Amino acid sequence: MIRYKAKLKEKIRRSLMDRYPLKESQLEISYTPQAKMGDLALPFPLQLAKEMKRQPRELAAEIVPLLSDLPGVAKIEVAGPGFINLFLNRQDFFLLQVASLEKRTFQPEEKKIIIEHTNINPNKAAHVGHLRNAVLGDTLGRCLLYKGENVEIQNYIDDTGIQVVDVTFGFMDMEKKTLEDIQKIEGKFDYYCWDLYTRISSYLEDHPEAQSRKSEILRKIEKGEQPEAEIAELISRRILRAHLETMKRIDISYDVLPCESSILGRKFWDKAYSLLKEKGAIYLVDEGLNKGCWVMKLEDYEEREKIIVRSDGTVTYVGKDIAYQLWKFGLLEIDFFYEPFTEDNGKTIWISTAVPKEPAPTFGDGTLVYNVIDTRQSYLQKIVVQGLKSLGFLDQAKKSIHYSYEMVALSPKSLDELGQKISAEDRERDFLEVSGRKGLGVKADDLLDRLEQKAFLEVEKRNQDLPSDQRRLIARQIATGALRYFMLKFARNSIIVFDFEEALSFEGETGPYLQYSLVRINSIFRKLKEREGYEEKDLSTLTSEQNISLDALSEQEQEDFWGLVFYASQFEEEIQLSVRSLEFSHLAKFAFNLCQKFNAYYHKYSILAEKDKTIKSLRIWTIQYVREVLTKVLSLMGIPQPARM
RNA sequence: GCGCCCGUAGCUCAGCUGGAUAGAGCGUCUGACUACGAAUCAGAAGGCCGUAGGUUCGAAUCCUGCCGGGCGUACCA
């Protein structure tokens, strides 16, 4: 569709350029609100009329004859207040779409795109909020890959931060555990830490004197002194492995895991620090509240300065983030070392190290960087970008994109279901923020377990002939599909107030609905083969071998065929729009609408039972085309495609 | 205070750079399965798009004020 529209635009532009002051940007081709009005709509006469001080309808009527030979257009007419509507030649259009299915529409635009997502503090189990982050980041990655871009997925590990210090404190000082004791802990380590962390948080509230011990732990971790450093590393690595396992359940993986410990070890900050000082991006405050701190002056905020280096000489989180961002663009002149951390489907996931370990691929050095981080960190992300700007890296600043999204919150009702107690005051609120400290939250694995369990029961009911490992696999696929669709269906600026009933639903606008539609199509092809020995062939081969006319279909069926196929043909525009606006709810809705149209078609028109061979062939082509499109879109959203369900 | 975001059907939400009669799902009510799988489909009811102005041929969409709600604004991350 994108290619066809481009062709149309060019043709229209050339037909009209001599007579009308039509600008390229005005020449948009949109869709009619209703099928009976035509297929494509040209709104430009409305704008043009204004500039030329003419009546829109009259102008449109004058233009129509000049557009008599547009390719693939069967009829053209003036509509509404002055639109020019195009009716396409359906058969030609369909064949054109079929033929272009395998062709590349998009061109890569960047040398390398880096996406940073997931970024869970390695001190507790992942929760639903982290799932939203990872699903958004992963979906963006899939779409950019589809576009042909070179994509690198980074999952930043803050393995030396305060949160890890807290858990280290909990194990060492509260539980009096040694390294060996911690190693011996069985079961889900991230869950263990989830509970421990809430106990630590309340302990620390009651014991402010523990602060000095915490500072000691932090210092020892950063300096690599034992046993604190070793214990902290054990904790963060074990939790990290648990996080990767969780993400693997929903088919999310990474290329590299850059660690804060390596940023410290490789002295990224020292380098960034001297750059910032050199360029005057930060300056030392010699009086007032921020005396002794190195600060950055903020744009757009009057009289505001952000502390980058504390008065005790230590760097804040933002400072390290600026250094990391510089590294991502290859601007730091220092690099990490790496070692393999784990294998995922035969692919190695590398983790950064501060000392050379073994030959490794190179990472970083991107030309465009997406940071998938929730909207609460907009302020900090802005400072990072400003850091780049004030160092003179204007292009990189422009290409540092904060992919922001709203949080996943909890309704008082879902907290009740979790058995978590909340205050009467909180109960009055519409939603409550997830809190690691209070242990308020839905753990990712718990949610996935429940989804799988529910899916398994359904699969058992319907597929008793399948072996149980097959049923397990299908249940997992359904759970993944349900979860991923749920995370994508909301616009990113919308707070998801988590509700179990809604998240666990497999009916209506859900992932399983989409999967079910595809299963239906596949099932038709399976039966065609079983009952009639039908051999599947490439759709473009089929359509070129047989010369069949749409006229074989009844008028109503032609309309229904067209409604389905014409909508399906818009998939690449939806991908483009989603990537451009970082709004994958578009893609989700598109897939859902397509399935709705397909399911309606499915109920109306039988394929296996159809006697007329021509009609049957046309219907097979139709659903095969829908399958091609749906398969692509589902895989871009990371929704698995079970063979049966 | 300042900055960002949100307010659309009973509930949960879509609505792209302004376009033609505002759409889904859930819930409610009516119907459709000895099958191409009912995890589905057909249909009904349900909306002053928070509010008041402005820009425009045209506003849920853009601008301004107001009302309601959220988040951020740390020598935390």
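These numbers were taken from a predicted model, which means no experiment stands behind them.
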According to the Watson-Crick and G-U wobble definitions, with both distances under 3.5 Å, which nucleotide is paired to [N]?
N      : answer
A44(B) : U28(B)
A60(B) : none
G65(B) : U51(B)
C33(B) : none
G1(B)  : U73(B)
A9(B)  : none

For nucleotides [N] and [M], find the distance between their [atom1] atoms and express it as a whole number of Å.
N      : M      : atom1 : value
C71(B) : U55(B) : P     : 37 Å
G1(B)  : A14(B) : C1'   : 35 Å
U17(B) : A24(B) : C1'   : 23 Å
A60(B) : C49(B) : P     : 8 Å
G46(B) : U28(B) : C1'   : 10 Å

State the [atom1]-[atom2] distance between [X] and [Y], to the nearest 0.5 angstrom.
X         : Y         : atom1 : atom2 : value
Ser400(A) : Asn371(A) : OG    : CG    : 7.0 Å
Lys291(A) : Ser311(A) : NZ    : OG    : 10.5 Å
Leu204(A) : Lys214(A) : CG    : NZ    : 5.0 Å
Phe525(A) : Leu608(A) : CZ    : CG    : 10.0 Å

If we require ring centres under 5.5 Å and near-parallel planes under 30°, does Tyr513(A) stack on A39(B)?
-> no

Where does the angle between the aromatic ring planes of Tyr602(A) and Phe598(A) fall among parallel (under 30°), tilted (30 to 60°) and perpendicular (over 60°)?
-> tilted

Please tell me which of Ala609(A) and Lys589(A) maps to the more 5' nucleotide of RNA chain B, matching each residue to the nucleotide holding its nearest heavy atom.
-> Lys589(A)

Lys527(A) vs Lys306(A), nearer the 5' end of RNA chain B by closest nucleotide = Lys527(A)

Describe the nucleic acid contact of [X] in one word from base, sugar-phosphate, nothing, applying a heavy-atom distance below 4.0 Å.
X         : answer
Lys454(A) : nothing
Ala491(A) : sugar-phosphate
Glu433(A) : sugar-phosphate

Side-chain N,O ([X]) to OP1/OP2 ([N]) below 4.0 Å:
X         : N      : answer
Arg376(A) : A74(B) : no
Arg580(A) : C16(B) : no
Gln596(A) : G25(B) : yes
Ser404(A) : C5(B)  : no

Any donor-acceptor pair under 3.5 Å joining the side chain of Ser581(A) to the base of C16(B)?
-> no

Record whether the side chain of Asn85(A) comes under 3.5 Å of the base of A20(B) through a donor-acceptor pair of N or O atoms.
-> yes

Selected nucleotide, minimal atom distance to Gln377(A) side chain, candidates A39(B), A77(B), C75(B) = A77(B)

Ranking U17(B), A20(B), A24(B) by distance to the side chain of Glu28(A), first place goes to U17(B)

Interatomic distance, [X] [atom1] vs [N] [atom2] [rounded to whole Å]:
X         : N      : atom1 : atom2 : result
Leu46(A)  : A59(B) : CG    : P     : 13 Å
Ile521(A) : U40(B) : CD1   : P     : 15 Å
Asn599(A) : G43(B) : CG    : C1'   : 17 Å

pair Ile373(A)-Gln381(A): side-chain heavy atoms closer than 4.5 Å = yes

